[in-house]
Enquirer: 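Sharing a structure here in structure tokens format.
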There are 4 protein chains.
Amino acid sequence: MPEDRAAAPLARPTHLRPDALANRWRVLAAAARQLDGPEGLAMNALAREAGVGVGTVYRHFPTRQVLLEALGAEGLEGLVAAAERAADGDGGEDALAQLLRAGLRRQLADPALATVLAEPTAACTDTAAQLERLRGALEAALAHGRATGRVREDVDADDVRRLLCGLARAVDAGPGRASPSARYVDVVLQGLRPPAP
Amino acid sequence: MPEDRAAAPLARPTHLRPDALANRWRVLAAAARQLDGPEGLAMNALAREAGVGVGTVYRHFPTRQVLLEALGAEGLEGLVAAAERAADGDGGEDALAQLLRAGLRRQLADPALATVLAEPTAACTDTAAQLERLRGALEAALAHGRATGRVREDVDADDVRRLLCGLARAVDAGPGRASPSARYVDVVLQGLRPPAP
Amino acid sequence: MPEDRAAAPLARPTHLRPDALANRWRVLAAAARQLDGPEGLAMNALAREAGVGVGTVYRHFPTRQVLLEALGAEGLEGLVAAAERAADGDGGEDALAQLLRAGLRRQLADPALATVLAEPTAACTDTAAQLERLRGALEAALAHGRATGRVREDVDADDVRRLLCGLARAVDAGPGRASPSARYVDVVLQGLRPPAP
Amino acid sequence: MPEDRAAAPLARPTHLRPDALANRWRVLAAAARQLDGPEGLAMNALAREAGVGVGTVYRHFPTRQVLLEALGAEGLEGLVAAAERAADGDGGEDALAQLLRAGLRRQLADPALATVLAEPTAACTDTAAQLERLRGALEAALAHGRATGRVREDVDADDVRRLLCGLARAVDAGPGRASPSARYVDVVLQGLRPPAP
DNA sequence: AATGAATGAGGGTTCATTCAT
DNA sequence: AATGAATGAACCCTCATTCAT
């Protein structure tokens, strides 16, 4: 059972030595590159590619899941920020629509984000916190939508997260990413409206 | 480059010797069991579990993808049959609704089917043929739906397949499978209607 | 937990292909050489030294303990044979004395035997069987010794085995092996006599 | 060649800064805990367990052997003291008997002591000195025993040390530690008497 | 057809050790 | 003195794949 470390949720390191920070960065960059390729995330290959000893990789990311979450962290933060902006209702467009669009676009641009969004539990406290903020923003958007009669009642924030995962999958399950995306978001958006009486 | 065999699509074997047939069966059964577990499909482990030499596994399934498609074949055939029944319009319910429901239920019951449904190209001619039949049935259902004004114009059969993949993912991306399924199908169904004018 | 294979006791392979047999031999020979050196038995190093793939080593000896027992098997059989000869009482010398002498000499000549003799449970059925035969021979020797009043009553076959392990250790715990051996056996032999009344 | 430092015997540090002393203690405590478990003494794991940097461990114990001797030092001192008391012949019991009993009991209670007692040469001057005192006490006990005709002539202090190591091994080589111990000591004691004429 | 032995690449992980801070 | 980051060798083990039998 090799992946039984870090059972306790991991906090993001603070105050890293500058060289350590640089290494962390190189590893993350290499990981992002590998994630684009078809292979999984092999710790050894990662270290090689990053020009760093294996041990260093393990020090920074004791578990593949920790690494994944670190990879997706930036994207997740971006998504959360966008979600909160949308939920704050700057009035422009339908908050939920903005949210779905942003969520899908960002997943397609960042596979790590898609992975993190779909995983059952977070390994890092940081990730958990961001996901919780995301849930809050989604709930707010839904509440507003429900109040204005534009969102059905039987759907909650977690449903939206799951539908976002599904959207990304639908787009990935075929050729072409640009044109289907808009349409699929449209389908889900319309599907989220309250059923006609 | 380990997976470079069988670039040419593979036809399903016919007229197997009875013992060969039995072996094929044992391997498929073992593979189904392994697919339920969390591990991948390791040829060696598979052979061990099936009580068969590795060579035998390779003879029957030269590629992992071939094996996967063989695994999903039964489920795929079932889905195709259901789709054609629905498209034939026995009149009962909305064909598209039946289709989505069946497609989701069967994917959840059969991970191999979900995989096959999402893969870009088929390795076996058989699979390709079934997928083509599925496409036909979906197209028929859509045509009928469009004709009766219950399905939007900008969605084609492949979109439905992809949305089916997305549905399965949405269900898998969270806890609980029963109650969300129906709701998510509902969302997509409603989303597929023509937009209100 | 990497050593959880071969939980079921392993029987010695029969009817090996000739090349497999040759490999088995090469590995055992290399292992014997490594055991003389100060390092442990590293499977990788072993394979390298034997001129054989790692996989081959694992196929033949799924566990380090299995390997050790295979290494010690010959020595153990020799000891068992000697013990049975001694127990059969060819009349020459005191059976127990012969046994201790043989047991010590063979352990010193064969570190694997010393290891096997001291391990709490056998991994291979074969080893277990030989150990059982040894126990029988020891018991017989003790019984005869007790009957003739030359062995104390409160010592059984397992005690003798353990004392044999102790003897080997005593010899190994210092410089010089030849002269102490005889003396130490002597000490134990005299110590095994019934206490003076 | 990792263990080529500290070829020159090491003196025990004196006048440690209080915090250094505390660290030394934590490391030793952690080492004692690890030695009870089945794993070896890994410097890294040790540091982790002790809540101390690896560097600190190395500063205090440049070599694993030094660490081991430090671990066993207390036990060794205890044994030496007991041996000298016994050799001083407080008259009570047979000195040699007391010695063997104490030596075995202490080895069983303290694996590090057993290790130190069996190692060919000491890494620390301190250990060497204690071992020398032990030798002296054993020699005294033997001399007295020989003088009173209760110990055979052909056994010296180092033999007794080695037999002590053997005793510990005999006890460890099987199930049960309490009841065999006394018997095995008995066997060796009786074996050390001068042979009947 | 089937078998299963062999191979060796390669991923996972730990650890001893050094050294900049 | 202490720290802990970094390194990389080395081990463990599993697999995909080939091929002689």
Side-chain angles (χ1 to χ4, degrees), chain A residues 1-3 5 13 16-24 39-48 51-60 62-64, chain B residues 1-3 5 16-17 19-20 23 39-48 51-60 62-64, chain C residues 2-3 5 13 16-24 39-48 51-60 62-64, chain D residues 1-3 5 16-21 23-24 39-48 51-60 62-64:
Chain A
M1 212 193 316
E3 312 243 336
R5 277 157 314 175
L16 240 42
R17 253 165 47 179
D19 56 337
L21 199 68
N23 275 335
R24 196 173 196 277
E39 19 265 284
L41 268 183
M43 300 302 238
N44 271 12
L46 197 52
R48 215 179 308 132
V52 145
V54 219
T56 305
V57 175
Y58 275 92
R59 168 177 300 277
H60 287 291
T63 277
R64 203 192 315 286
Chain B
M1 212 190 316
E3 310 247 335
R5 276 159 317 175
L16 246 42
R17 259 172 36 183
D19 56 335
N23 275 338
E39 311 86 48
L41 266 184
M43 300 304 235
N44 276 15
L46 197 54
R48 211 181 311 133
V52 147
V54 219
T56 307
V57 175
Y58 274 89
R59 168 173 303 279
H60 286 292
T63 279
R64 201 192 316 285
Chain C
E3 311 245 337
R5 277 157 315 172
L16 240 41
R17 252 166 48 181
D19 55 337
L21 200 67
N23 275 335
R24 195 173 197 276
E39 19 266 285
L41 267 184
M43 299 304 235
N44 269 19
L46 197 53
R48 214 178 309 130
V52 146
V54 220
T56 305
V57 175
Y58 276 92
R59 167 177 301 279
H60 286 292
T63 279
R64 204 190 317 284
Chain D
M1 214 188 319
E3 310 246 336
R5 273 158 319 173
L16 246 41
R17 258 171 39 183
D19 56 335
L21 199 67
N23 275 338
R24 195 173 196 279
E39 310 87 47
L41 266 186
M43 299 305 235
N44 277 14
L46 197 53
R48 210 180 312 134
V52 146
V54 220
T56 307
V57 175
Y58 273 90
R59 167 173 303 279
H60 287 292
T63 279
R64 201 191 316 285

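Order of the sequence lines sets the chain letters (A, B, ...), proteins ahead of strands, with each chain counted from 1.
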Enquirer: Met43(B) side chain: which of dG4(F), dG12(E), dA16(F) is closest?
Expert: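 Taking heavy atoms from C-beta onward, the closest nucleotide is dA16(F).
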Enquirer: If only side-chain N and O atoms of Thr56(C) are considered, is one of them under 4.0 Å from the OP1 or OP2 phosphate oxygen of dT7(E)?
Expert: yes
Enquirer: At less than 4.0 Å, is any side-chain N or O atom of Arg64(D) found next to OP1 or OP2 of dA16(E)? Yes or no.
Expert: yes
Enquirer: Counting Watson-Crick and G-U wobble pairs only, both distances under 3.5 Å, name the nucleotide matched with dA20(E), or none.
Expert: dT3(F)
Enquirer: OP1 or OP2 of dA6(E) versus the side-chain N and O atoms of Asn23(C): is any pair under 4.0 Å?
Expert: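 Indeed, a polar side-chain atom of Asn23(C) lies that close.
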Enquirer: With a 3.5 angstrom cut-off on both distances, give the Watson-Crick or G-U wobble partner of dG11(E), or none if there isn't one.
Expert: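 Its partner is dC12(F) (Watson-Crick or G-U wobble, both distances under 3.5 Å).
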Enquirer: Can you measure Arg59(A) atom CZ to dA5(F) atom C1' for me and round it to whole angstrom units?
Expert: 5 Å
Enquirer: As a test of reading the structure: which of dT18(F), dC15(E), dC11(F) is closest to the side chain of Ala42(C), going by heavy atoms?
Expert: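 Looking only at side-chain atoms, Ala42(C) lies closest to dC11(F).
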Enquirer: OP1 or OP2 of dA16(E) versus the side-chain N and O atoms of Tyr58(D): is any pair under 4.0 Å?
Expert: no
Enquirer: Shortest non-hydrogen contact from Thr63(A) to Met43(A)?
Expert: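 Scanning both residues completely, I find the closest heavy atoms to be C-CE, 4.2 Å.
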Enquirer: If you find the nucleotide of DNA chain F closest to Val52(D) and the one closest to Val57(A), which residue's nucleotide is nearer the 5' end?
Expert: Val52(D)
Enquirer: So does Asp19(A) reach the base of dA5(F) with its side chain, donor to acceptor, closer than 3.5 Å?
Expert: no
Enquirer: Got a donor-acceptor contact below 3.5 angstrom from the Arg64(B) side chain to the Leu41(B) backbone?
Expert: yes
Enquirer: With a 4.0 Å cutoff (strictly under), does any side-chain N or O of His60(B) reach OP1 or OP2 of dA1(E)?
Expert: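 For dA1(E), neither OP1 nor OP2 has a side-chain N or O of His60(B) closer than 4.0 Å.
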Enquirer: Classify the nucleic acid contact of Leu46(D) as base, sugar-phosphate or nothing, counting any heavy atom under 4.0 Å across all strands shown.
Expert: nothing
Enquirer: Using heavy-atom distances to pick each residue's nearest nucleotide on DNA chain F, tell me which of Asn44(B) and Gly55(A) is more 5'.
Expert: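 Checking each residue's closest nucleotide, the 5'-ward one belongs to Gly55(A).
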Enquirer: Does a side-chain N or O of Arg48(A) approach OP1 or OP2 of dG8(F) to a distance below 4.0 Å, or not?
Expert: no
Enquirer: Using heavy atoms to find the nearest nucleotide of DNA chain E for Gly53(C) and Val54(D) separately, return the residue whose nucleotide is more 5′.
Expert: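 On the 5' side of the pair lies Gly53(C).
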